[in-house]
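Below, read A as the first sequence line, B as the second, and so on, with proteins coming before strands; counting in each chain starts at 1.
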Amino acid sequence: MPKTEAMRAFGERRWAGVGGSSDLDSRRAALAAATAALAGDDPRLLLVFGSARYDPEAVLAGVGEVAGGVPLIGCSSTRVVGGHDLVVVALGGPGLSAVTAAAPHAAADRRAAGSAVAACAVDPGDRPHHVLIMLTDGVTPGQEEILAGAYAMVGASVPMVGGAASPDAYAGRTFQLHGDQVLTDGVVGALLSSDGPLGIGLRHGWRKVGEPMIVTKSSGGDVHTLDDRPALTAYLDRLGAPAAAYEDPAAFETFAQVRPIGIRRRSGEEVRGVSSPGMFGSGGLRSSGEVPEGGLVWPMEGDERSVLDSAADACRDAVAALEGVPPLALLTFDCESRGRLLGDEGVRAELARMTGEVPGVPVGGPYTWGEICRTRGINGFHNQTLVVLAVG
Amino acid sequence: MPTNATALATQQLAEFLAMLSAATDPGAVARIAAERAARALEAEVAVVLGGGPAEGYELVSSVGFPAGRVPGADLTEVVLGRRQLLDVPGAGKCHTAVAPLGDPVPGALLVARAGAEGFTPDEGSLLRGMARVLELVVQSLGRLSAERTQAVQNARLLASLQERHNLLNQLSRIQRAISRRQPLTDILHTITASAKELFADDEVVGLRLRDPDDPAMLILVSQRGMRPQLAREIWRVDVEDAGATGQAVLLDDLVVMERYADAEHGIPQLAAEHIQAAMAAPVHDNGEVAGGLAVASYRGRGYTRRDRETLLVFAEHVSLALSDHRTREKMREAYHDALTGLASRGLFLDQLEQALARAARKDAPLAVLFVDLDRFKIVNDSLGHAAGDSLLIAVADRLRSCLRASDVAARFGGDEFAVVLPDLGEPEQAQAVARRITEVVQAPFVVLGREVFIDASIGIAYREEGTTGEELIRRADLAMYQAKRNGRGQTATFRPAMQATLRRTLDLEARLRRAVEDSAFEVHYQPIVALADGTVAGVEALVRWRHPQRGLVTPGSFVPLAEETGLIVPIGLLSLREACRQTAKWNSVRPGRPLTVGVNISARQLHQPDLPDAVARILAETDLDPGCLVLELAETLLAEDPDAALDRLCSLKNLGVRLALDDFGTAYGSLAHLRRYPVDIIKIDPSYVAGMGRSAAADQAAQAAITLGQIMGLQTIAEGIETAGQLAALRGAGCELGQGHFLARPVAAEEADELLRTSF
């Protein structure tokens with residue numbers, strides 16, 4: 001694979017480009033990716049996703065060399081869609097516009113942070129199509145509260161997509177980018193407004209295993225018992241886990257990373273990852289999102305095929321929502337656990353499935369620790385899911 | 001499993017309750033209520049409004065509108081019922097649902113959702129439930145805050161806290177019962193028990209539901225605190241006479257009777273019991289009034305607003321449980337076999353796929369058994385469908401008794417069952433389970449007071465790398481097919497070679513079907529000779545298949561398959577008609593004694609209830625004297641269902657036809673058959689004839705059979721006479737008639753013409 005790669009597409013008064021780089025030097029990688037992504041004049045929004053091994057300040061400096069002053073948001077990502085280490089998605093042309101916002105210290109008041117960022121979308125202007133892209137810090141607990149804060153601010157007036165920054169195992173940190181700012185524990189967002197349509201697809205690719213279980217005791221995301229049995233054992237038994245997963249937190253984590261639970265909702269199941277061994281000692285499961293007591297859940301599992309199929313399906317759904325307008329780019333927010341299940345080869349296959357749906361159209365985005373997609377109703381936080389935004 | 005809307009509603013009410021209970025001030029309660037209502041109903045908008053129609057409504061909390069753009073006037077219009085749709089920025093025109101709020105927060109809880117469909121009655125019920133919970137929580141918070149201003153150790157504060165705690169506990173208990181999908185009666189008892197605990201001042205709690213057979217009557221389905229005798233007396237009453245509950249049903253509203261003795265609609269028996277006060281709330285099933293929940297006290301008491309609201313909350317829970325039960329029943333119908341309660345094919349396949357995925361992960365053996373009942377059809381045809389159904393239910397019960405909790409059994413329809421055995425320690429365990437199933441099915445069943453014996457043929461297929469559920473079922477089915485071919489009550493394990501055999505068989509079956517359509521059968525005739533004088537006394541009709549490639553095919557090559565597929569019935573009728581027609585033709589020109597014609601009847605034919613009618617019709621059509629027709633029955637086929645066989649044989653005898661027992665001496669209990677069935681002729685099996693003239697023992701056996709026939713006044717026909725020695729021995733033994741190659745081979749009708757012309 002070449003070190004730098006570029007894909008570009010042009011529409012009526014709008015263009016999009018995706019540039020990827022695996023250069024080891026932060027500044028050089030960012031410069032190369034941004035240069036490749038800048039398909040035309042008048043860039044309106046840059047989205048930057050890269051491994052947390054990169055120095056975020058140097059990344060911003062690299063991008064700034066070719067696109068200084070262009071509204072920018074971004075975040076760290078364990079890997080990026082397509083197998084590069086850093087990707088820049090650029091959207092531009094007079095048919096598009098963007099307003100960005102950021103809020104630091106989200107953990108202190110998650111609702112307020114969500115509201116503050118969403119405030120940029122309260123008055124979206126005259127263009128017919130809008131979407132609020134939000135990037136949070138996956139390490140910050142209570143992601144749903146951030147979204148609740150955002151929804152309280154904008155309500156149903158604008159759809160939301162996005163994801164939570166994922167850390168790098170080696171560097172052990174996350175970051176979010178906003179203009180020339182680097183944040184951790186922050187929330188950044190951009191209201192993208194366009195003359196062309198914007199389509200959203202959401203798929204997870206997991207399948208339910210067996211009959212549902214009742215959450216007989218939980219608080220927030222901590223599930224203590226399922227069907228009145230310790231949640232950990234009930235979950236592992238249902239999935240036929242190997243002995244080590246019952247005894248060793250690390251083995252459990254590896255096993256559970258690709259086996260989320262689905263909470264029954266009116267429109268289907270909402271997926272929640274439970275691989276954190278935070279409750280392992282007390283026999284419980286810890287989810288990154290709320291698991292309501294009294295609710296019904298299913299352990300879920302998947303395989304490479306189902307995950308790849310869902311990638312193609314999500315892209316197809318997003319493009320279908322453009323109602324015939326050809327897509328300029330697909331911006332993806334793909335769960336990190338899906339990437340882990342796929343492995344390096346699989347990740348390339350996933351990109352091939354995505355681009356197979358939209359030949360010649362640039363595709364890029366992060367692998368996240370929680371995905372955001374709100375198009376209907378109030379619920380918008382997802383786990384172990386793929387969200388695709390098609391820019392038409 | 002499809003989304004079960006009402007169970008979901010229960011779950012969401014549980015969540016709602018838990019979230020609201022955690023809030024500490026009314027402002028937060030209203031915000032959480034709005035957010036949670038929107039979440040539960042997947043609505044874009046939820047609003048808590050205060051006030052009323054007189055003083056106007058004001059916004060307390062809302063979610064779903066951009067900040068500062070809440071359309072207050074539109075919301076009021078919706079609450080007042082003047083409009084149904086609400087414009088929501090970003091979501092377009094949304095359907096709305098409203099639940100009124102009473103004290104201490106008079107107003108309304110409103111939700112709005114995008115999409116073509118409005119809210120369902122279930123969702124309306126959920127929203128009302130949420131409104132009730134909101135009132136209760138705000139009320140108890142208000143009391144708490146008032147009482148907190150007093151001494152911290154104030155006993156009333158503790159009591160109030162305890163009361164709130166109790167209410168939440170009782171509601172959680174009910175919601176859990178519904179979520180756990182306990183039987184409806186258990187849930188209803190849980191509700192009345194919870195109400196009894198909560199309404200400590202009321203000694204009696206009763207829940208009445210409409211009688212499904214007569215909706216004008218109410219049945220007491222659950223009660224607490226009533227004398228058993230009294231409960232029996234007023235178990236079923238007219239809705240008009242059902243006291244507070246009846247009024248609640250008729251008015252679809254809460255009804256309070258604080259002076260029961262003077263109440264216009266009180267139940268006299270309760271008044272006589274000195275009930276002083278009662279209160280009832282209607283319960284709904286999918287939006288319709290379905291009954292009422294009542295509390296009553298032996299002491300004089302008044303009901304506060306809080307008491308009334310609490311009863312309404314309980315009644316909402318009954319409504320949820322009822323709707324959930326109905327939905328669950330529908331779901332169960334969709335996923336389970338209605339007759340046996342076993343899984344349906346769809347559910348089975350789903351569970352099989354999951355088990356396969358688990359087995360693949362652990363590299364563990366997994367087997368699918370395909371179970372087909374032998375002789376079920378005979379029971380069903382002879383004893384009727386009700387008997388067949390009872391038998392299937394009993395078989396399903398026995399099947400379950402052979403399985404572990406983790407095994408899944410399904411009925412695929414008819415008399416076919418399938419079982420998946422996951423988590424096998426050793427593959428051989430599947431054989432053991434199959435053996436057990438065969439044994440339990442072999443044990444006699446008592447159906448409609450009669451003992452019935454059946455068998456099970458079982459095919460086993462094991463998981464292999466990459467086999468899908470469908471494929472595994474197909475393989476087990478194939479193995480079962482092989483097991484059936486091996487005889488009744490057999491078990492066979494799938495081998496790839498079976499596929500080739502099946503292909504050949506399927507091919508043969510297709511050709512045979514075509515042959516039936518084309519009437520590609522010929523009847524040949526083998527003369528039956530009077531041994532004393534060598535004259536032809538009759539013929540046996542033998543069917544041949546005119547195969548396009550193989551020429552004339554003898555019965556041995558196709559009759560077993562024809563039996564199996566049921567094609568033997570049309571083939572049998574074809575040959576019977578032809579044989580009768582031909583014999584009548586011969587007899588019309590034949591001087592002297594007319595020829596008889598023997599026609600074989602198969603087990604399938606014998607078990608056709610309309611066989612006597614068909615025979616009568618053919619005799620009439622062909623104009624053959626019934627006395628000339630001999631129906632030949634194999635001894636073994638009488639053993640299948642002796643009673644039904646006897647009935648049918650008697651009907652045939654009444655037509656005037658004669659009956660011959662074929663292959664006499666080969667079945668256990670030959671003598672018993674002779675005594676039991678109205679047989680006229682015995683045909684001595686060729687195996688007896690074969691040894692004659694060569695061994696004394698064979699001579700004696702044949703002699704015994706002939707003598708038996710003579711003693712019982714039956715004609716005897718020796719079959720398979722191949723040699724002059726056998727002929728002489730039989731003649732010497734006094735055997736009346738005989739047939740065999742030594743005398744004459746079976747020939748086509750034209751050749752038989754010639755033979756018959758020269759033989760008499």
Worksheet entry | Side chain, backbone, both or neither of V88(B) within contact of chain A (heavy atoms, under 4.5 Å) | side chain
Worksheet item: Is there a side-chain contact between S61(B) and V63(B), using heavy atoms and a 4.5 Å cut-off?
Response: no
Worksheet item: Relative to chain A, which of C94(B), A67(B), G64(B) shows the most heavy atom pairs under 4.5 Å?
Response: G64(B)
Worksheet item: Contact part of A43(B) toward chain A, heavy-atom cut-off under 4.5 Å: side chain, backbone, both or neither?
Response: backbone
Worksheet item: Would you find a donor on one side and an acceptor on the other, under 3.5 Å apart, between the side chain of H130(A) and the backbone of L191(A)?
Response: no
Practice prompt. For E44(B) and A114(B), indicate whether the former's side chain and the latter's backbone hold a donor-acceptor pair under 3.5 Å.
Written response: yes
Discussion item. For a quick test of reading the model, state the closest non-hydrogen atom pair linking R111(A) to A152(A) and the distance between them.
Written reply: NH2-CB, 4.3 Å
Practice prompt. Could you tell me whether the side chain of I372(A) reaches within less than 4.5 Å of the side chain of H382(A), counting heavy atoms only?
Written response: no
Discussion item. Report which part of E35(B) has an atom under 4.5 Å of a heavy atom belonging to chain A: side chain, backbone, both, or neither.
Written reply: both
Worksheet item: Relative to chain B, which segment of V154(A) carries a heavy atom at a distance below 4.5 Å: side chain, backbone, both, or neither?
Response: backbone
